[in-house]
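Beneath this line is the structure, given in structure tokens, with notes to follow.
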Amino acid sequence: MAYFSWTKDLAVGHDGIDNDHRKLVDMINALYEALSDGRAKDVMGKVLNNLIIYTKEHFAREEVEMKRINYPKFMVHKSEHTKFIREVEELKRTFDSGANINAVQVGKMLSDWLRNHIKTVDVELSAALQQAK
């Protein structure tokens, strides 16, 4: 059973964004699956690295859409993206340094951030994208 289930309330109504969000949910669940199997330390670095790469790609796609419609909240939204990437990169640096990282706390932080970001910031973006059609 997945820790972080994709539910209809997470859908923003934009296929590309929703598909990206599903993949991010899957990545968070991969960390929890490894944790439940006792492999969290073995896969933490890989999950964090993949999350950084994919999140940058996803955020870039969202930002292209925001620019396309001259989204008035572009800078606020982009700053949330930048802050999140920095936080995950810092987690990765900490992990790479050999420091002990609590996988449960990392997974909770990631899932809480994504859920909150989708339900607040991305919902507003989706509404603006729908209006711009």
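When reading the values below, keep in mind they use all heavy atoms of this one structure, side chains included, and skip hydrogens, waters and symmetry mates.
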- line: Here the pair of heavy atoms bringing S111 nearest to F4 is CB-CD2, 3.5 Å
task: Kindly compute the distance separating CD (Q105) from NZ (K108), expressed to the nearest 0.5 Å.
output: 10.0 Å
Any side-chain heavy-atom pair of L48 and V106 under 4.5 Å: yes
field: side chain to side chain contact (heavy atoms under 4.5 Å, CB included), paired with M44, selected from L91, D96, L31, N49
entry: L31
statement: When every non-hydrogen atom of L51 is compared with those of T55, the smallest separation belongs to O-OG1, 2.5 Å
query: Between the side chains of H21 and D122, does any donor sit under 3.5 Å from an acceptor?
result: yes
- prompt: What residue among E124, K78, E62 forms side chain to side chain contact (heavy atoms under 4.5 Å, CB included) with Y71?
  reply: E124
message: Could you check whether K92 pairs with E89 (Lys NZ or Arg NE/NH1/NH2 to Asp/Glu carboxylate O, under 4.0 Å)?
response: no
- request: Look up atom CZ in R115 and atom CD1 in I28, then write down how far apart they are to the nearest 0.5 Å.
  value: 9.0 Å
task: Compare all side-chain heavy atoms of V47 with those of F95 and state whether any distance is below 4.5 angstrom.
output: no
salt_bridge(K83, E80) N-O dist < 4.0 Å: no
query: How far apart are the closest heavy atoms of V88 and I52, and which atoms are they?
result: CG1-CG1, 3.5 Å
- request: Report whether F84 and V121 are members of the same hydrophobic cluster (ILVMFWY, side-chain heavy atoms less than 4.5 Å apart, transitive linking).
  value: no
statement: To the nearest 0.5 Å, atom CZ of R93 lies from atom OG of S97 at 10.5 Å
query: Between I17 and L129, is a side chain to side chain contact (heavy atoms under 4.5 Å, CB included) present by the stated rule, with each step listed?
result: CA-CA 11 Å; I17 293 172; L129 289 169; 3.9 Å; yes
statement: Residue pairs passing the ring-ring contact (aromatic ring centres under 6.0 Å, His included) test with at least one member in residues 23-57, sequence neighbours excluded, are Y3-Y32
field: R61 side, atom CZ; H14 side, atom NE2 - distance, nearest 0.5 Å
entry: 10.5 Å
statement: Here the gap from L125 atom CG to M66 atom CE, rounded to the nearest 0.5 Å, amounts to 5.5 Å
field: Minimum heavy-atom distance between V25 and W6, given as atom pair plus value
entry: CG2-CE3, 4.0 Å
task: Give a yes or no on this: more than 12 heavy atoms of other residues, nucleotides or ligands lie within 6.0 Å of atom CG of D37.
output: yes
- prompt: Got a second to check how far S5's OG is from N29's CG, nearest 0.5 Å?
  reply: 7.0 Å
query: Sequence neighbours excluded, which residues qualify as ring-ring contact (aromatic ring centres under 6.0 Å, His included) partners of H77?
result: H81, H117
message: Tell me if a side-chain donor or acceptor on Q130 pairs with a main-chain N or O of G13 at a distance below 3.5 Å.
response: yes
query: Would F59 end up clustered with M75 when hydrophobic side chains under 4.5 Å apart are linked, directly or stepwise?
result: yes
message: Please find the pair of heavy atoms, one from A132 and one from I69, that lie closest to each other, and give the distance.
response: CB-CG2, 3.3 Å
- prompt: L114, V76: one ILVMFWY side-chain cluster at the under-4.5 Å cut-off?
  reply: no
